[in-house]
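Both ligands and their constituent atoms are indexed starting at 1 by order of listing.
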Amino acid sequence: MADTGTDISIARDLLKNGELVAVPTETVYGLAGNALETTSVARIFEVKNRPSFDPLIVHISEYQQLSKYVMHVPPHAERLAKEFWPGPLTILLKKRSIIPDLVTSGLDTVAIRCPNHPLTQSLLRAVDFPLAAPSANPFGFVSPTTAAHVTEQLGSKIKYVLDGGPCSIGVESTIVGFENNKTVVHRFGGVTVEAIEKVVGNVELASSSPSSPKAPGQLKSHYAPRKKMFTVDLEKAIDMIDIDRVAVLSFATDYKVKHQVILSPSGNLAEAAKNLFGALRQLDKMPVELILAEFVPDEGIGRAINDRLRRASAK
Ligand code: TXA
Ligand code: MG
């Protein structure tokens, strides 16, 4: 079973030896390995049971590291990185050959992010390589937002979980790419579209075909609990449900049913995002057959929440 602790030197030594360590970020916990070593990267895919066509994000300590791993930084990318790093923004840029093809699943772009968590920042500065890190969950399942979530599912497969407490944002990073001078959002996440547009003007949304190899995190069924889940209009559905067999996930309303989780009683989207994945895990453990969830307001970080709810319920 994995040890859990806050010792950077244990994490550093394991990583230097080619092993994997779970690390905290402000979004979700990551399963980290040396991004420049193919054997470590291969181990990440194996431990997560992740298909090799789904590329990984490479984590760096600061903006100055970026040019070591990518060919060119277009002006929009530079502006966004300088505005939001360290933070929940991942950018897609043409990779240099130092990044193994396994990391990018053969694509010529690499996803790079500079996470904003003090422990992982220290760890990144203690090693002389960047960290490849997908969310530390089995492929397709809900992302972990506490060290205990990681241990529950991957504890038998790794040696150390660096415990940075509960993640402050709670949904993954926003992924942006740059095509023909346009900024393209590939995944809604911790940085809002509104905030990005303030820096670079209007963005485009990547058309997410269900099996697009470009951003497989956009596969239709993802971030999913094991129980069947549907998104519905709870206001309308609530009187019709069998309260012994159905659990309810609401944004702010207390529906006064037996099994329910309220994401944010005060109706705060940031709080709802922070609680989302923990709520899905909690609902999964309730003695019910079905989960019914309602969408949150589709603005700001609410778009990331709704995206995850949609994917969690697509079966
Ligand atoms: O917040 C986050 O981004 C977390 C923390 C740990 O940093 N990481 C994370 O990684 O969410 P993962 O592997 O669960 O999701 C990464 C997503 C996947 O959907 C993958 O397809 C996409 O990034 N991705 C990676 N490289 C890509 C590339 N070159 N082009 C398009 N999409 C890419
Ligand atoms: Mg993931």
Side-chain angles (χ1 to χ4, degrees), residues 20-33 35 41 44-45 47-60 69-70 84-95 99-117 119-121 123-124 130-145 149-150 153-154 161-162 164 167-179 184-191 206 208-224 273 277 301 304 307-308 311-312:
L20 308 186
V21 172
V23 300
T25 82
E26 75 281 29
T27 58
V28 301
Y29 275 72
L31 177 64
V41 176
I44 294 176
F45 283 96
V47 166
K48 265 197 74 128
N49 199 12
R50 178 175 177 121
S52 59
F53 61 76
D54 195 359
L56 306 179
I57 295 176
V58 172
H59 297 69
I60 58 176
Y69 308 113
V70 306
F84 297 112
W85 282 2
L89 181 77
T90 294
I91 60 181
L92 302 175
L93 294 171
K94 288 269 178 296
K95 81 178 193 72
I99 300 287
D101 289 331
L102 190 58
V103 169
T104 63
S105 303
L107 296 174
D108 64 356
T109 55
V110 59
I112 306 233
R113 143 163 150 81
C114 173
N116 187 16
H117 189 289
L119 279 185
T120 297
Q121 271 288 334
L123 181 61
L124 282 165
L131 295 176
S135 52
N137 51 279
F139 182 71
F141 194 70
V142 180
S143 299
T145 50
H149 291 165
V150 179
Q153 289 181 308
L154 299 182
V161 180
L162 194 58
C167 300
S168 58
I169 292 184
V171 293
E172 296 84 350
S173 60
T174 304
I175 302 180
V176 297
F178 307 92
E179 286 153 36
V184 182
V185 174
H186 290 260
R187 176 175 76 181
F188 294 126
V191 175
S208 64
S209 86
S211 58
S212 160
K214 260 198 151 178
Q218 302 306 358
L219 287 177
K220 263 192 112 184
S221 177
H222 217 86
Y223 313 105
F277 288 141
I301 203 167
D307 171 77
R308 304 309 186 268
R311 290 175 205 289

>> Quick check for you: to the nearest 0.5 Å, what is the distance between Glu26 atom CD and Gln121 atom CD?
In response: 9.0 Å
> Can you tell me how far the SG atom of Cys114 sits from the CG atom of Leu89, to the nearest 0.5 Å?
Replying inline: 10.5 Å
> Thr27 and Arg113: side-chain donor and acceptor closer than 3.5 Å?
Replying inline: yes
> Do Ser135 and Glu172 get their side chains close enough for a donor-acceptor pair, meaning under 3.5 Å?
Replying inline: no
For [X], atoms of ligand 1 separated by under 4.0 Å from a heavy atom:
X: Arg187; value: 2 (C), 3 (O), 9 (C), 11 (O), 15 (O), 16 (C), 17 (C)
X: Leu92; value: 27 (C), 28 (C), 29 (N), 30 (N), 31 (C)
X: Leu107; value: 28 (C), 29 (N), 30 (N)
X: Pro134; value: 10 (O), 12 (P), 13 (O)
X: Leu56; value: 25 (C), 26 (N)
X: Ala111; value: 25 (C), 26 (N), 27 (C)

>> For atom 8 (N) of ligand 1, which of the options Ser173, Ala133, Gly177 provides the nearest non-hydrogen atom?
In response: Ala133
>> Regarding atom 9 (C) of ligand 1: of the candidates Ala132, Ser135, Cys167, which has the closest heavy atom?
In response: Ser135
Please indicate whether any nitrogen or oxygen in [X] is less than 3.5 Å from any nitrogen or oxygen in ligand 1.
X: Asp54; answer: yes
X: Thr109; answer: yes
X: Glu172; answer: no

>> Against Lys95, only a single residue in Asp108, Asp101, Val70 fulfils side chain to side chain contact (heavy atoms under 4.5 Å, CB included); can you say which?
In response: Asp101
> Pick from Thr109, Leu93, Val184: which one makes a side chain to side chain contact (heavy atoms under 4.5 Å, CB included) with Phe178?
Replying inline: Leu93
> For ligand 1, does Ile175 get within less than 4.0 Å through its side chain, its backbone, both, or neither, judged by non-hydrogen atoms?
Replying inline: side chain
>> Heavy-atom distances under 4.0 Å decide this one: backbone, side chain, both or neither, for His186 against ligand 1?
In response: neither
> Is there any salt bridge (charged side-chain N to carboxylate O under 4.0 Å, His left out) pair reaching into residues 130-145, and which pairs are they, with sequence neighbours excluded?
Replying inline: none
>> I'd like to verify the contacts: list protein N, O or S atoms under a distance of 2.8 Å from the Mg ion (ligand 2).
In response: Ser135 OG
>> Measuring from non-hydrogen atoms of Arg50 to any atom of ligand 1, is the shortest distance under 4.0 Å?
In response: yes
Exercise: identify the closest heavy-atom pair between [X] and [Y]:
X: Leu131; Y: Ala35; result: C-CB, 4.0 Å
X: Ile57; Y: Arg187; result: CD1-NH2, 4.0 Å
X: Thr120; Y: Pro115; result: CG2-CG, 4.1 Å
X: Gly190; Y: Thr174; result: N-OG1, 3.3 Å

> Applying side chain to side chain donor-acceptor pair (under 3.5 Å), which residue pairs with at least one partner in residues 85-94 are found, sequence neighbours left out?
Replying inline: Thr90-Ser173
> With sequence neighbours excluded, what pairs up with Asn116 under the side chain to side chain donor-acceptor pair (under 3.5 Å) test?
Replying inline: none
